[in-house]
Amino acid sequence: MILIVNINPSLDVIFYTKGFHKSKVNRSYKEEIVPGGKGINVAKTLKAFGEEVKVIGFCGGSTGIILKEELKKRNIDYELVEIKGKTRFAIGIKEDKKKEFTVLNGSGDKINEEEWNSFFKIFKENLENAKIVIISGSIPPETPTEIYALMLKEIKNPKILRVLDARDNVLKEALKESPDIVKPNKEEMENLLSKKLKNKNDYIYAIRYLRSFNIKYPLISLSKKGALIGIEEGIYKATLPPNDGIQWGTGDSFLAGFIFGLKNYQDPFEAIKLACASGYVKTKYPEIIDKQQIKEIFILKDKVKVKRLC
Ligand SMILES: O=P(O)(O)OC[C@@]1(O)O[C@H](CO)[C@@H](O)[C@@H]1O
């Protein structure tokens with residue numbers, strides 16, 4: 001089973017509008033509501049690939065009830081600790097004829113001590129059956145930045161593949177625990193290094209930096225410009241022709257594609273191709289949940305170009 005930790009899930013609402021103006025009353029002509037949060041997105045894509053997944057984390061309030069209903073509809077197994085607070089919203093705004101996509105992520109509510117204790121109990125129990133653990137997404141307010149480092153430390157079985165997608169100080173702390181796979185995006189990596197990544201040398205520097213923490217497969221997603229991967233043999237850039245679809249949750253599908261590829265083909269090149277194709281296909285849909293989308297991913301996979309940088 002692939003265990004997915006999403007401690008700050010969300011209900012994602014996408015508004016489609018003919019025009020959006022700040023400080024004005026705006027109207028949408030269509031809305032979509034999907035269960036979200038980075039981990040849940042990874043879970044949905046992996047499930048569509050046919051993998052057995054389980055999501056653990058927190059949920060609360062009426063939004064939490066909807067989140068659970070939506071997960072059930074999609075046959076996603078979950079064990080979420082009920083909290084006094086509520087599950088957050090994340091809002092996406094897509095304007096017709098514009099390439100930009102606006103996102104407003106809610107913060108979520110604070111988790112109390114009792115709720116954390118219940119979570120760690122569930123976490124430890126589920127580690128027994130997990131082959132892969134993916135920890136992904138932002139953390140609730142007032143959560144110590146060492147939280148993901150703590151979880152990684154808790155995974156004592158060396159056979160479990162430890163995967164992390166986090167940002168800022170949470171990522172910084174967790175790197176010290178040498179997860180097997182990390183996947184910051186370009187902006188997150190720039191924040192971590194306090195340096196812009198502009199060219200090939202910067203890319204090499206960034207991957208080497210991650211590898212200095214003994215990360216087996218450091219990945220950096222470059223949005224429309226593809227992705228970077230570091231392996232023992234070298235550093236590579238994978239690309240697909242750019243498209244103008246919605247860039248929300250693409251990094252999560254990217255990560256799911258990579259994990260599926262690595263697990264089933266044990267080949268990082270096949271994995272990075274599946275990752276790029278999964279991210280690309282996600283730009284066309286609010287979520288990846290069915291076999292038809294997976295077919296599209298497999299067709300696209302062979303079009304991904306992988307070039308050695310050094
Ligand atoms: O606040 P976070 O956890 O960084 O981001 C939350 C979020 O925007 O990320 C996903 C897309 O990657 C959405 O499903 C979700 O709502």
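Below, each value reflects all heavy atoms present in this structure, side chains not excepted, and no hydrogens, waters or symmetry copies. When a ligand or atom number is given, it counts from 1 through the structure's own listing order.
Classified by interplanar angle (parallel below 30°, tilted 30° to 60°, perpendicular above 60°), the ring pair Phe123/Phe119 is parallel.
Apart from Val103 itself, the hydrophobic cluster it occupies contains Ile14, Tyr16, Tyr29, Phe101, Ile246, Trp248, where clustering links Ile, Leu, Val, Met, Phe, Trp and Tyr at side-chain heavy-atom distances under 4.5 Å.
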Report all side-chain donor-acceptor pairs from residues 148-157 shorter than 3.5 Å, counting only partners two or more places apart or in another chain.
unit_1 : atom_1 : unit_2 : atom_2 : d
Tyr148 : OH     : Gly137 : O      : 2.8
Asn157 : OD1    : Lys159 : N      : 2.8

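The side chain to side chain donor-acceptor pair (under 3.5 Å) test applied to Gln293 returns no partner, not counting sequence neighbours.
Listed as neighbours of ligand 1 are Ser10, Asp12, Gly36, Gly37, Lys38, Asn41, Arg88, Ala90, Asn105, Gly137, Ser138, Trp248, Gly249, Asp252, each bearing a heavy atom under 4.0 Å from the ligand.
Between the side chain of Ser178 and the backbone N or O of Phe213 there is at least one donor-acceptor pair closer than 3.5 Å.
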Working note: Ser118 + Glu115, criterion side-chain hydrogen bond (donor to acceptor under 3.5 Å, both in side chains); need CA distance, chi angles, decisive distance, verdict. CA-CA 5 Å; Ser118 307; Glu115 292 159 354; over 6 Å; no

